[in-house]
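Accompanying notes for the structure given below.
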Amino acid sequence: LKQELEAEAGQVRSKEELSAFWQKYLGKNGSIPALMKGLRDVPKEDRPAAGKTINEFKVWAEARYQELNAEIERIELEARNKSEQVDITMPGTVRPMGSLHPITLVKNQIIDVFSGMGFEIYEGPEIEDDDHNFTRLNVPKNHPARDMQDTFYVAEDIVLRTQTSGGQIRVMDREKPPIKVLVPGRVFRSDSDATHSPMFHQMEGLVVDKGITLCDLQGMLDKFVQALFGPEVKTRLRPSYFPFTEPSVEVDVSCFECGGKGCPLCKHTGWIEVLGAGVVHHSVLENCGIDPNVYSGFAFGIGIERIAMLKYGINNIGLMFENDLRFLKQFND
Ligand code: PHE
């Protein structure tokens, strides 16, 4: 039996086979317990010796079983390690990475600069009433200034906002000075060519407090253009007209391409127009219940597409809305 058991032990390769081996020899109905029971039929004088032999055999068989058990566990562990092995020299799978849209990049940069100066963000509605988009901004009905922006009407007195300036009114209705706020958003005008799109993005800025002047405006805009176009650039204010600011200015930045010497980008003038701004008109303050004899403010409106086109050298505004990946992939700074 010992030989048979030894031979069979040599065949055991798995947990299942090992368990069958236990059943066959050491289990309740196995051969070794059967031997024990057989002792009854052994003549009394031979029983102690036979018992001793069987017992030794049982101890040996059990030890053999433990040995096999350890051996199988080792083999299984080895197999598992092998199957789960990772080859760290294999090349990784490259996952395609998206990038931010140039409009989002510029918008974030502008917000970064001004939130550093303490500006908060407010977003108004894209569908706006005539009151907020025009009338309370000092553009009454039938005023010629309405023609400055070709308006999409949604209903009588309801428009797709043509400018984020309506956000000025909404902010001043809700909050009293000191006010320092940015109003980013989409605006709509019936206009379309290489530099105009019927939908584009603006960033309104509004500051209202005691003693605010045009100098404060220029100081903040200097910081803004320097952050976007480089530490060397300067601003220049030119007189302009907007119904809701007085005085109104057009803000130019010194050409960051040629350093002001003259090149095709600045049309050889050394200056590039970047935004409109001005001192908030006293009527606008009054329209929002703010006393213009106590408070003053400035406002500016930045065209985000325009800044993005200048900064990244994009010559057609349409490229920004086509979602061509070959175009979009270039902006991952
Ligand atoms: N709303 C003006 C425009 O769209 C820009 C502007 C904003 C001008 C604030 C002055 C002050 O052209």
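As the structure lists them, so they are numbered: ligands from 1, and atoms in each ligand from 1.
- Between Glu73 and Lys15, at least one side-chain nitrogen of the basic residue sits less than 4.0 Å from a carboxylate oxygen of the acidic one, meeting the salt-bridge criterion.
- Ligand 1 is surrounded by Gln149, Gln163, Ser165, Gln168, Arg189, Gln202, Glu204, Phe242, Phe244, Thr245, Gly276, Ala277, Ala299, Phe300, Gly301, each with at least one heavy atom closer than 4.0 Å.
- Using a cut-off of 4.0 Å between Lys/Arg side-chain N and Asp/Glu carboxylate O, Lys107 and Glu305 are scored as not salt-bridged.
- Follow the hydrophobic side-chain contacts under 4.5 Å out from Val253 and you never reach Trp271; the two are in separate clusters.
- A donor atom on one side chain and an acceptor atom on the other are found under 3.5 Å apart for Thr235 and Gln218.
- With respect to the salt-bridge test (charged N to carboxylate O, under 4.0 angstrom), the residues Asp173 and Arg136 qualify.
- Residues satisfying the ring-ring contact (aromatic ring centres under 6.0 Å, His included) test with Phe188, not counting sequence neighbours, are none.
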